[in-house]
> 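To start, I am sharing the structure in question, which I have written as structure tokens.
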Amino acid sequence: MLTDYHMHLQPDGAEARARAAHRWEREGGPRSAGWIGHYVDRARARGVAEIAVTEHVHRFRDAAGWHPSPFWREEATEDLTAHCAALAAARDGGLPVLVGIEMDWLPDRVDDIRALLAAHPFDVVLGSVHWLGPLGVDSPDEPAWDALPAEEVWSRYLAELEAAAGSGLFDVLAHPDLPKVFGHRLPAALAPRMDAVVDAIARSGVCVECSSAGLRKPIGELYPDPDLLGRFREAGVPVTLASDAHSPEDVARDYPTAVAALRAAGYETITRFRSREREQVPVRWA
Ligand SMILES: [Zn+2]
Ligand SMILES: [Zn+2]
């Protein structure tokens with residue numbers, strides 16, 4: 001089977017949501033069975049049997065004070081309990097939808113993260129390093145790239161990724177080579193450091209995602225790139241498949257490229273989750 005374990009029911013940012021709102025409002029809202037059904041329909045049309053909705057934790061009031069970024073604070077408008085209940089209702093009503101979340105790695109919020117994850121019925125939890133302290137890795141606000149040289153951004157990012165893996169909080173590390181998003185590839189001097197982080201991820205037991213989202217970004221390639229995916233495979237790191245869609249149209253987008261990369265790296269299975277328990281299933285088009 002194929003899955004898509006990374007997507008959002010709404011775009012990021014109030015302006016983009018306002019532009020798109022007419023679409024979900026005619027279905028009864030962004031958490032309605034009708035709107036979620038559009039994501040399921042697109043997945044099925046692309047040969048994908050199961051999806052996980054993994055809204056950003058920064059969308060929820062529960063996490064409003066976790067980060068100083070104005071963007072974060074402006075985004076924290078939603079009710080996480082109601083959100084999870086709507087997804088669980090869709091799942092328990094027979095839609096192939098899992099209750100997920102894209103959880104930021106914020107090292108000074110570990111206790112809050114653990115408590116929030118324990119309080120809700122998640123099937124799968126993504127861990128994402130979007131922030132280096134106050135600086136954003138992939139955000140146009142407070143960009144790390146304006147404040148630091150590329151080698152420093154990558155070096156700090158890899159330290160946080162390793163810490164996130166070792167925290168035991170997450171099931172899957174999302175977009176593991178995210179700092180390349182705007183075109184800054186890993187500096188050659190840091191290649192040995194990346195190897196060490198891959199080994200640390202393998203020891204931690206956490207999965208990484210193979211995400212087609214990078215194909216839609218300035219860098220124009222999968223997260224992780226095919227070489228890095230091969231290194232994860234050699235190290236024995238399990239994988240999930242992901243699109244990071246922020247609209248139904250992007251669910252399972254570019255999966256022929258992602259699935260071919262998995263196979264070329266030697267992966268024969270992907271990881272399926274339910275109630276944060278995992279199993280391996282063959283990589284196979286429906
Ligand atoms: Zn992300
Ligand atoms: Zn995402």
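Start at 1 and go down the list; that is how both ligands and their atoms are numbered. Note that the numbering runs from 1 along the sequence shown for the chain.
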> Can you count the protein N/O/S atoms lying under 2.8 Å from the Zn ion (ligand 2), leaving waters out?
4
> Would a 4.5 Å heavy-atom cut-off, applied to side chains only, mark Leu241 and Asp4 as touching?
no
> Once side chain to side chain donor-acceptor pair (under 3.5 Å) is applied, do any residues pair with Arg42, and if so which ones, sequence neighbours excluded?
none
> Quick check: does any side chain N or O of Glu102 sit under 3.5 Å from a backbone N or O of Ser128, one acting as donor and the other as acceptor?
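Here the side-chain-to-backbone pair does not exist.
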> Going only through I, L, V, M, F, W and Y residues with side-chain contacts under 4.5 Å, is there a path from Val206 to Tyr5?
no
> Sequence neighbours left out, what passes side chain to side chain donor-acceptor pair (under 3.5 Å) with His184? Give chain and number order.
none
> If the condition is side-chain contact (heavy atoms from CB on, under 4.5 Å), which residues does Arg278 pass it with, not counting sequence neighbours?
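If we apply the side-chain contact (heavy atoms from CB on, under 4.5 Å) test to Arg278, skipping adjacent residues, the hits are Cys207, Pro238, Thr271, Phe273.
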